[in-house]
Amino acid sequence: MKKALILGVTGQDGSYLAEILLEKGYEVHGMLRRSATGNTRNIDHLIQDQTIFNKCFFLHRGDLADPTSLYRIINLVKPFEIYNEADQDHVSWSYDMVGYSTDITGAAVGRILEIIRQIDPAIRYFQPCTSNMFGITESIIQNEKTPFNPQSPYACAKVMAFYLTRYYREAFGIFASNAIFYNHESPRRTSEYVTRKITQSVARIALGKQKKLVLGDLTARIDWGYAKEFMNAAWQILQLEKPDDFVIATGEAHSVREWVERAFAVVNLKPDDYVVTDLKLLRPTKTSSLIGDITKAKKIFKFNPKVKFEDLVKLMVEADLEKERFNA
């Protein structure tokens with residue numbers, strides 16, 4: 001039985017990844033930080049399943065900021081694979097927490113990789129990165145060779161994570177791979193992210209619980225995919241014969257306005273009756289319209305996302321409708 005360690009197991013990506021690995025017969029270990037102990041909703045179904053919890057799914061206390069806990073957990077578990085799904089991953093928050101964001105999102109990757117080098121260099125390591133690293137670019141579609149030009153502290157930190165991963169691969173022969181993930185959404189997104197804010201608000205408006213939806217820039221065009229499919233790609237990347245770097249996306253972009261329109265269409269309402277724009281929600285800097293070129297991923301491991309834009313929006317609105325009806 002393969003062992004995997006997921007850092008950030010309580011988040012959207014980590015929780016989907018845990019399910020995928022358990023289905024594949026792994027023994028799955030997750031790191032749980034103190035501030036997440038009251039926020040295990042994404043994995044509560046695994047914790048409450050007595051056939052799984054503490055049998056093939058285990059949790060360990062630790063934090064990316066604490067090297068001693070990272071060393072203890074990795075040394076105790078001795079996993080075959082490590083997936084680092086833990087960081088400060090919110091662009092807007094990174095403007096207000098520059099030091100924390102750069103440490104947890106960037107420098108912590110160096111800590112993890114150095115611990116792997118000391119304990120067992122044969123451990124396979126997966127590092128998720130972000131399309132935000134491309135920032136402002138002249139490339140209409142971005143691939144693995146497109147230059148980085150980050151426009152936020154979060155994106156700068158991810159560039160650091162990307163190069164630390166590549167450095168440990170080249171310098172020490174560690175099986176360390178990067179995936180440049182474009183935006184990936186699901187019903188497990190928190191409402192701090194615009195996609196979930198929209199679908200949650202649309203559900204509440206449809207049920208008479210909310211009157212208005214306040215948003216910032218509606219013109220931004222984004223390549224949105226389904227988080228669960230992206231996590232399956234993460235697993236596929238660590239099954240390859242050689243470590244490498246990949247762009248993971250859908251290859252098509254849609255505006256925030258389109259997301260809004262599609263979400264309201266699911267409940268047969270007109271967005272103009274409910275949407276209000278607030279300039280205070282605009283970011284200090286904008287990125288270019290980012291669209292991922294997945295040619296390499298398609299060729300190497302046949303990555304082919306099946307959940308497209310309209311399906312994703314519908315999936316999330318319907319999940320929020322069900323949740324809001326349950327909480328009525």
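Because the structure is a prediction, the values reported are computed rather than measured. Quick note: numbers below take in every heavy atom, side chains included, and nothing from hydrogens, waters or symmetry partners.
Considering only residues two or more places apart in sequence or on other chains, Arg221 meets the salt bridge (Lys or Arg N to Asp or Glu O under 4.0 Å) condition with Glu258. Judged as a side-chain hydrogen bond (donor to acceptor under 3.5 Å, both in side chains), and not counting sequence neighbours, Ser139 has no contacts. Qualifying side-chain contact (heavy atoms from CB on, under 4.5 Å) partners for Ala107, counting only residues two or more places apart in sequence or in other chains: Asp103, Arg111, Met160. Among residues two or more places apart in sequence or in another chain, the side-chain contact (heavy atoms from CB on, under 4.5 Å) test is passed with Asn183 by Ser131, Glu185, Ile222, Trp224. Under the salt bridge (Lys or Arg N to Asp or Glu O under 4.0 Å) criterion, Glu261 pairs with no residue, sequence neighbours left out. Checked against side-chain contact (heavy atoms from CB on, under 4.5 Å), Lys314 has the following partners two or more places apart in sequence or in another chain: Arg262, Val266, Glu318. Under the side-chain contact (heavy atoms from CB on, under 4.5 Å) criterion, Ile73 pairs with Leu5, Met31, His60, Val77, sequence neighbours left out. Residues that satisfy the salt bridge (Lys or Arg N to Asp or Glu O under 4.0 Å) test with Asp223, not counting sequence neighbours, are absent from this structure.
For Ile140, the CD1 atom is loosely surrounded, since the number of other residues' heavy atoms within 6.0 Å does not exceed 12.
Nearest heavy atoms, Val109 versus Tyr125: CG1-OH, 3.7 Å. Considering all non-hydrogen atoms of both residues, Leu207 and Leu321 come closest at CD1-O, 4.1 Å. Heavy-atom minimum distance, Gly110 versus Leu164: N-CD1, 3.6 Å. Nearest heavy atoms, Pro128 versus Glu85: CG-OE1, 3.7 Å. Looking at every heavy atom in both residues, Pro67 comes nearest to Ile115 through O-CD1, 3.8 Å. The heavy-atom pair separating Phe303 from Lys298 by the smallest distance is O-CG, 2.9 Å.
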**Prompt:** Stepwise, does the side chain to side chain contact (heavy atoms under 4.5 Å, CB included) test hold for Leu218 with Trp259?
**Reply:** CA-CA 9 Å; Leu218 299 181; Trp259 186 287; over 6 Å; no
**Check against side chain to side chain donor-acceptor pair (under 3.5 Å), Tyr26 and Glu81** = CA-CA 10 Å; Tyr26 278 67; Glu81 300 164 358; 2.9 Å; yes
**Request:** Take Leu113 and Thr165 through the side chain to side chain contact (heavy atoms under 4.5 Å, CB included) test and state the conclusion after the steps.
**Result:** CA-CA 7 Å; Leu113 287 163; Thr165 301; 4.1 Å; yes
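Listed by first and then second residue, the salt bridge (Lys or Arg N to Asp or Glu O under 4.0 Å) pairs involving residues 127-153 amount to none (not counting sequence neighbours). Applying the ring pair (Phe, Tyr, Trp, His ring centres under 6.0 Å) test to pairs two or more places apart or on separate chains, none has a residue in residues 105-124.
Under the 3.5 Å distance criterion, the side-chain polar atoms of Lys55 are left unmatched by any main-chain donor or acceptor of Ile52. In this structure a side-chain-to-backbone donor-acceptor pair under 3.5 Å is missing from His254 to Glu252. For Glu27 (side chain) and Ala4 (main-chain N/O), no donor-acceptor pair under 3.5 Å exists by modelled atom type. One N or O on the side chain of Arg189 and one on the backbone of His184 form a donor-acceptor pair closer than 3.5 Å. Distance alone, capped at 3.5 Å, is enough to place a donor-acceptor pair between the Gln239 side chain and the Trp235 backbone. The main-chain N or O of Asn143 is found under 3.5 Å from a side-chain atom of Thr146 such that the two form a donor-acceptor pair. Formation of a donor-acceptor pair under 3.5 Å by the Ser69 side chain with backbone atoms of Asp63 is found in this model. Between the side chain of Thr105 and the main chain of Thr102, no donor-acceptor pair closer than 3.5 Å is present. The closest donor-acceptor contact from the side chain of Thr137 to the backbone of Phe134 lies at 3.5 Å or more, if one exists at all. Between the side chain of Arg196 and the backbone N or O of Pro187, at least one donor-acceptor pair lies under 3.5 Å.
Rounding to the nearest 0.5 Å places NZ of Lys306 at 6.5 Å from CD of Glu229. We find the CG-CE distance between Leu290 and Met133 to be 11.0 Å, quoted to the nearest 0.5 Å. Between the OG1 atom of Thr250 and the CD1 atom of Ile294 there is a distance of 7.0 Å, given to the nearest 0.5 Å. Between the CG atom of Leu59 and the OG1 atom of Thr40 there is a distance of 8.5 Å, given to the nearest 0.5 Å. Rounding to the nearest 0.5 angstrom, the gap separating the CD1 atom in Ile198 from the OH atom in Tyr193 is 14.5 Å. Taken from CD1 in Ile136 to OG in Ser289, the straight-line distance is 12.5 Å, to the nearest 0.5 Å.
Side-chain polar atoms of Glu324 and Gln210 form no donor-acceptor pair below 3.5 angstrom. In this structure, a donor-acceptor pair under 3.5 Å is absent between the side chains of Tyr83 and Gln127.
Residues Phe57 and Leu76 do not share a hydrophobic cluster, defined by chaining ILVMFWY side chains whose heavy atoms lie under 4.5 Å apart. Under the 4.5 Å side-chain heavy-atom criterion for Ile, Leu, Val, Met, Phe, Trp and Tyr, Leu315 and Val194 are members of the same hydrophobic cluster. Cluster membership for Ile82 and Ile119, using ILVMFWY side-chain heavy atoms within less than 4.5 angstrom, is shared. Neither Ile141 nor Phe148 shares a network with the other; the hydrophobic side chains, linked directly or stepwise wherever heavy atoms of I, L, V, M, F, W or Y lie under 4.5 Å apart, form separate groups for each. Criterion: ILVMFWY side-chain heavy atoms under 4.5 Å apart, direct or through other members. Under it, Leu240 and Phe80 are not part of a common hydrophobic cluster.
Taking the centre of each ring, Phe53 and Phe58 stay at or above the 6.0 Å mark.
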Without placing hydrogens or testing angles, list every side-chain donor-acceptor pair under 3.5 Å for residues 166-180, not counting sequence neighbours.
unit_1: Arg166; atom_1: NE; unit_2: Asp245; atom_2: OD2; d: 3.3
unit_1: Arg166; atom_1: NH2; unit_2: Asp245; atom_2: OD2; d: 3.0
unit_1: Tyr168; atom_1: OH; unit_2: Glu114; atom_2: OE1; d: 2.7
unit_1: Arg169; atom_1: NH1; unit_2: Ala176; atom_2: O; d: 2.9
unit_1: Arg169; atom_1: NH1; unit_2: Asp245; atom_2: OD1; d: 2.9
unit_1: Arg169; atom_1: NH2; unit_2: Asp245; atom_2: OD2; d: 2.9
unit_1: Ser177; atom_1: OG; unit_2: Asp244; atom_2: N; d: 3.0
unit_1: Ser177; atom_1: OG; unit_2: Asp244; atom_2: O; d: 3.2
unit_1: Asn178; atom_1: ND2; unit_2: Phe162; atom_2: O; d: 3.1
unit_1: Asn178; atom_1: ND2; unit_2: Asp245; atom_2: OD1; d: 3.1

Distance-only check: which donor-acceptor pairs under 3.5 Å involve side-chain atoms of residues 16-23, not counting sequence neighbours?
unit_1: Tyr16; atom_1: OH; unit_2: Ser186; atom_2: OG; d: 3.4
unit_1: Glu19; atom_1: OE1; unit_2: Arg188; atom_2: NH2; d: 3.4
unit_1: Glu19; atom_1: OE2; unit_2: His45; atom_2: NE2; d: 2.7
unit_1: Glu19; atom_1: OE2; unit_2: Arg188; atom_2: NH1; d: 3.4
unit_1: Glu19; atom_1: OE2; unit_2: Arg188; atom_2: NH2; d: 2.7

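Note on ring orientation: taking the six-membered ring where Trp is involved, the planes of Tyr274 and Phe264 are parallel (angle under 30°, cut-offs 30° and 60°).
A salt bridge does not link Asp320 with Arg204: every distance from a Lys NZ or Arg NE/NH1/NH2 to an Asp or Glu carboxylate oxygen is 4.0 Å or more. One finds no salt bridge joining Lys197 and Glu192 here, because no Lys/Arg side-chain nitrogen approaches an Asp/Glu carboxylate oxygen to under 4.0 Å.
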